[in-house]
Amino acid sequence: CRFIEARYITSMGMRKKKAGIHYLQGLLIGFVLISSLTLLSALFGITEINLCKSSNLSIIALMLGGFLVQGMSEEFIFRGYLMNTLGGRHNPWTAVIVSSAAFSLAHILNPGFSFLVFINLTLFGIFAGLYMIAFDDIWGACAIHSIWNFTQGSIYGISVSGTGENESIFRTTAVSSSVLLTGGDFGIEGSIITTIILAAAC
């Protein structure tokens, strides 16, 4: 972005104005989104949530740090760089949809990847892209992505994008045998419940 395309880093959404407020707001929105679909899934008897008898809080704290970096990194790649680069050459909708599909396809080798997973991750990308455009910076989208993954894996104990279970406070297990409802090996991100929540969020 800076040295090849000769664009300022601010073009990737690195605005200073209200950065902290937008980040905190993103944390709240990301937590509400992933909690909504997780609790709805449990409410309809698709999954069951139980408190873990013992949780290693040090590992969970390390996971938080890891997810903060990971979520931000992916947002800078797909929204900060790719979406804005495409947006400078095409219309905004092309930029949002293509960058979101690319974000989704980056997970194609993860266990349990399916067509519904592709749709759901694309919807997540569209929501993050629209959110970034609405607030004119990248911080909220970074926060949403990071806290979504952390809450999913380290709070509710759900496999994050098919990567397996993490040390967590709760453990969410499938009750239903329907992959459409549970997301199968990919985790709840591959569920039709996620499709509904993310479509509503968009």
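If you read the sequence from its start, that first residue is 1, and numbering goes on from there.
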Exercise. Looking only at atom types and distance, does a side-chain atom of Ser146 sit under 3.5 Å from a main-chain N or O of Leu68, one as donor and one as acceptor?
Worked result: yes
For this session: Locate the shortest heavy-atom distance separating Glu167 from Ile59; write the atom from each residue and the value.
Result: CB-CG2, 3.7 Å
Exercise. So do Asp137 and Met132 actually touch side chain to side chain, heavy atoms under 4.5 Å?
Worked result: no
Seminar exercise, completed: Ser176 and Leu181 have their tightest heavy-atom pair at OG-CD1, 3.8 Å
Seminar exercise, completed: Rounded to the nearest 0.5 angstrom, the CG-CD distance for Leu37 and Gln152 is 7.5 Å
Problem set entry | Note, Met12 side chain near Ile138 side chain (heavy atom, < 4.5 Å) | no
Exercise. How long is the span from the CD1 atom in Ile155 to the CD1 atom in Ile49, to the nearest 0.5 Å?
Worked result: 12.0 Å
Problem set entry | Side-chain heavy-atom pair Trp139, Leu24 within 4.5 angstrom cut-off | no
Exercise. Side chain of Ser11, backbone of Arg7: donor and acceptor closer than 3.5 Å?
Worked result: no
Exercise. Any chain of hydrophobic side-chain contacts (each under 4.5 Å) joining Leu40 to Val175?
Worked result: no
Exercise. Is the closest side-chain heavy-atom distance between Phe170 and Asn50 below 4.5 Å?
Worked result: no
Exercise. Taking a hydrophobic cluster as the set of Ile, Leu, Val, Met, Phe, Trp and Tyr residues connected by side-chain heavy atoms closer than 4.5 Å, whether directly or through intermediates, do Ile188 and Phe31 fall within one such cluster?
Worked result: yes
For this session: Taking the side chain as every heavy atom from C-beta outward, state whether Glu189 and Asn149 have any atom pair closer than 4.5 Å.
Result: yes
For this session: Look at the aromatic rings of Phe150 and Phe67 and report parallel, tilted or perpendicular, splitting at 30° and 60°.
Result: perpendicular
For this session: Might you point out which heavy atoms bring Asp185 and Gly112 nearest each other, and give the distance in Å?
Result: CB-CA, 4.0 Å
Exercise. In terms of hydrophobic clustering (I, L, V, M, F, W, Y; side-chain heavy atoms under 4.5 Å; direct or indirect links), are Leu198 and Leu39 co-clustered?
Worked result: yes
Exercise. Side chains of Glu75 and Tyr81: is there a donor and an acceptor less than 3.5 Å apart?
Worked result: no
For this session: Assess the side chains of Thr94 and Arg89: does a donor N or O sit below 3.5 Å from an acceptor N or O?
Result: no
Exercise. For the residue pair Phe103 and His107, does the interplanar ring angle fall in the parallel (under 30°), tilted (30 to 60°) or perpendicular (over 60°) class?
Worked result: perpendicular
For this session: Using atom types as modelled and distance alone, determine if a side-chain donor or acceptor of Thr163 lies under 3.5 Å from a backbone N or O of Val160.
Result: yes
Seminar exercise, completed: Note: Leu27 and Ile147 closest approach over all heavy atoms is O-CG2, 3.3 Å
Exercise. Going through the checks in order, is the side chain to side chain contact (heavy atoms under 4.5 Å, CB included) test met by Leu105 and Ile108?
Worked result: CA-CA 5 Å; Leu105 289 173; Ile108 197 168; 4.2 Å; yes
Seminar exercise, completed: d(Ile192 CD1, Ile197 CD1) to nearest 0.5 Å is 11.5 Å
Problem set entry | Side-chain heavy atoms of Phe127 within contact of Ile29, under 4.5 Å | yes
For this session: Could you walk me through whether Tyr23 and Cys142 pass the side chain to side chain contact (heavy atoms under 4.5 Å, CB included) test, one step at a time?
Result: CA-CA 8 Å; Tyr23 195 87; Cys142 290; 4.3 Å; yes
Exercise. Closest heavy-atom contact between Ser99 and Met83?
Worked result: OG-CB, 3.5 Å
Problem set entry | Contact check, side chains of Ser161 and Phe113, non-hydrogen atoms, under 4.5 Å | no
For this session: Evaluate the ring pair (Phe, Tyr, Trp, His ring centres under 6.0 Å) criterion for residues Phe124 and Trp148: first the C-alpha distance (whole Å), next the side-chain angles of each, then the deciding distance (0.1 Å), finally the verdict.
Result: CA-CA 10 Å; Phe124 181 89; Trp148 170 288; 5.2 Å; yes
Problem set entry | Ion pair Arg171/Glu48, N-O distance below 4.0 Å | no
Problem set entry | Ile34 with Leu64, same ILVMFWY side-chain cluster at under 4.5 Å | yes
For this session: Begin from the C-alpha positions of His145 and Phe78 and carry the test ring pair (Phe, Tyr, Trp, His ring centres under 6.0 Å) through to its verdict.
Result: CA-CA 12 Å; His145 194 151; Phe78 292 102; 8.8 Å; no
Exercise. Does the side chain of Thr47 come under 3.5 Å of the side chain of Ser41 through a donor N or O and an acceptor N or O?
Worked result: yes
Seminar exercise, completed: dist Ile144:CD1 -> His22:NE2 (nearest 0.5 Å) comes out at 11.0 Å
For this session: To the nearest 0.5 angstrom, please state how far the CD1 atom of Ile126 sits from the CH2 atom of Trp93.
Result: 6.5 Å
Seminar exercise, completed: Nearest heavy-atom contact between Ile169 and Ser55 is CA-OG, 3.6 Å
Exercise. So, does Ser191 use its side chain to make a donor-acceptor pair with the main chain of Gly183 at under 3.5 Å?
Worked result: no
Exercise. Does Thr122 reach the main-chain N or O of Phe118 with its side chain, forming a donor-acceptor pair under 3.5 Å?
Worked result: yes
For this session: Can you measure from OG1 (Thr172) to CD1 (Ile46) and round to the nearest 0.5 angstrom?
Result: 12.5 Å
For this session: Report whether Ile97 and Phe115 are members of the same hydrophobic cluster (ILVMFWY, side-chain heavy atoms less than 4.5 Å apart, transitive linking).
Result: yes
For this session: Indicate yes or no: at least one non-hydrogen side-chain atom of Leu82 is less than 4.5 angstrom from one of Ile77.
Result: no
Exercise. Are Asn120 and Thr195 close enough that a side-chain donor and a side-chain acceptor fall under 3.5 Å?
Worked result: yes
